[in-house]
2 protein chains.
Amino acid sequence: MGVTKTDLFTKEQNELAILAKAFAHPARIAILQHLLKANTCINSDLVNELGLAQATISQHLRELKNAGLLQGNIEGVSMSYCIHPENWNRVKDLFNGMFDKIQHCGPKDECC
Amino acid sequence: MGVTKTDLFTKEQNELAILAKAFAHPARIAILQHLLKANTCINSDLVNELGLAQATISQHLRELKNAGLLQGNIEGVSMSYCIHPENWNRVKDLFNGMFDKIQHCGPKDECC
DNA sequence: AACTAACATCGTAATAATACGATATAACGA
DNA sequence: TCGTTATATCGTATTATTACGATGTTAGTT
């Protein structure tokens with residue numbers, strides 16, 4: 001793409017955008033939802049669950065991990081992933097910090 | 001990109017991903033934050049505020065509008081944008097529906 | 001050691017997103 | 001009407017993302 005002009009924006013704006021990008025694919029949402037239910041899973045679970053190739057799942061997992069949403073622990077031969085609890089809550093707070101800033105703007109909410 | 005296999009995922013997963021994509025650029029976060037403060041703005045406000053070209057701002061505004069996050073009203077010669085209140089709250093609920101599903105997973109939060 | 005199972009990484013083709021100049025379009029005022 | 005102001009849209013070069021086969025890597029098994 002054209003290069004995003006990161007320097008024009010605040011640290012918070014860039015951070016929120018990076019986090020949102022991690023959520024911005026249905027496969028990654030599906031992975032997160034699976035983990036919210038199952039607490040833990042390995043790559044091959046998700047290959048069966050989602051029907052994407054192993055390499056593709058691995059790539060999505062890495063992106064979620066890079067964003068800090070997941071952590072991975074070696075479990076014998078396989079890699080066990082789970083949601084990173086502290087970061088998850090921080091992300092929640094960051095988004096809600098934005099969501100909650102909306103203000104009532106008129107009797108019928110006619111802002112503009 | 002390789003084509004995203006939308007049909008593999010649920011409606012909610014695809015919707016969340018589309019919304020997250022709308023948030024996944026610092027310029028769009030900046031636009032939303034500006035609107036949360038100012039309630040209303042026009043294209044040229046943002047050109048001055050953000051330092052991106054007029055065409056670029058217009059493109060970002062369209063994406064935010066397509067995602068349902070903004071609404072626009074004609075105001076004489078210019079276009080007045082504001083946050084779409086109902087959709088904004090629905091988006092908030094959708095994300096929190098996900099954020100809040102995290103469960104305590106152990107004495108030290110060692111999930112995996 | 002040889003084999004297997006489970007992943008990660010590489011390479012790459014296909015496709016999407018970003019930025020912006022150039023060019024429409026539309027409303028208002030003189 | 002003509003010019004001005006404010007946006008939208010088009011075209012396009014550049015860069016990023018997605019998916020997956022092929023190949024590497026590592027831990028356990030026989």
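Please read all numbers here as calculations on a predicted model, not as lab measurements. Reminder, nothing fancy here: chain letters follow the sequence lines and each chain counts from 1.
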Given Watson-Crick or G-U pairs with both distances under 3.5 Å, what dot-bracket string fits DNA chain D, with | for other-strand pairs and [ ] for crossing?
-> ||||||||||||||||||||||||||||||
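When rounded to the nearest whole Å, the span between CD of A:Glu75 and C1' of C:dA5 equals 15 Å. For A:Ile18 and C:dA17, the CD1 to C1' distance is 16 Å, given to the nearest whole Å. Rounding to whole angstrom units, CD1 of residue B:Ile31 and P of D:dT7 are separated by 12 Å. Here the P atom of nucleotide C:dC7 and the OH atom of A:Tyr81 are 8 Å apart, to the nearest Å. Going from atom NZ of A:Lys21 over to atom P of D:dT18 covers 9 Å, rounded to whole Å. Rounding to whole angstrom units, CG of residue B:Leu61 and P of C:dA17 are separated by 17 Å.
The residue B:Ile57 sits apart from the nucleic acid: no heavy atom pair falls under 4.0 Å.
The closest donor-acceptor contact from the side chain of B:Gln103 to the backbone of A:Leu36 lies under 3.5 Å. Looking only at distances, no side-chain donor or acceptor of B:Asn14 sits under 3.5 Å from a matching main-chain atom of B:Lys11. Side chain of B:Asn96 to main chain of B:Asp93: no donor-acceptor pair is present (N/O by atom type, distance under 3.5 Å, no hydrogens or angles). A distance-only check finds a donor-acceptor pair linking the side chain of A:Arg28 to the backbone of A:Lys21 [under 3.5 Å].
A sub-4.0 Å separation between OP1 or OP2 of C:dC7 and a side-chain N or O of A:Arg62 is absent. Between A:Ser58 and the phosphate of C:dT9, there is no side-chain N or O to OP1/OP2 separation shorter than 4.0 Å. The shortest distance between the side-chain N/O atoms of B:Ser44 and the OP1/OP2 oxygens of D:dT5 is not below 4.0 Å.
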Step by step, work out the side-chain contact (heavy atoms from CB on, under 4.5 Å) result for A:Leu69 and A:Glu63.
-> CA-CA 9 Å; A:Leu69 296 173; A:Glu63 282 171 49; over 6 Å; no
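When distances run from any side-chain atom of A:Asn43 to the nucleotides D:dG28, D:dT7, C:dC7, the shortest one goes to C:dC7. Closest approach to the B:Glu63 side chain among D:dA6, C:dT18, D:dT18 is made by C:dT18 (side chain taken as heavy atoms from C-beta onward).
Taking CG of A:Leu46 as the start and OG1 of A:Thr56 as the end, the distance is 12.0 Å to the nearest 0.5 Å. Note that CG of A:Asn66 and CZ of A:Arg62 are 7.0 Å apart. Values are rounded to the nearest 0.5 Å.
Shown here for B:Thr40 and B:Ser80, the closest heavy-atom pair between the two residues is CG2-OG, 2.9 Å.
Place A:Asp45 and B:Val77 on DNA chain C by their nearest nucleotides, and A:Asp45 ends up nearer the 5' end. Take the nearest nucleotide of DNA chain D for A:Ile74 and for B:Met79: the residue whose nucleotide is more 5' is B:Met79.
Ring geometry for B:Phe95 versus B:Phe23: interplanar angle over 60°, hence perpendicular rather than tilted (30 to 60°).
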N/O contacts under 3.5 Å, protein versus nucleotides 19-22 of chain D?
unit_1	atom_1	unit_2	atom_2	d
D:dA19	OP1	A:His25	NE2	3.4
D:dA19	OP2	A:His60	NE2	2.7
D:dA19	N7	A:Gln59	OE1	3.4
D:dC20	OP1	B:Lys5	NZ	2.4
D:dC20	OP2	A:Ala53	N	3.2
D:dC20	OP2	A:Thr56	OG1	3.3
D:dC20	N4	A:Gln59	OE1	3.1

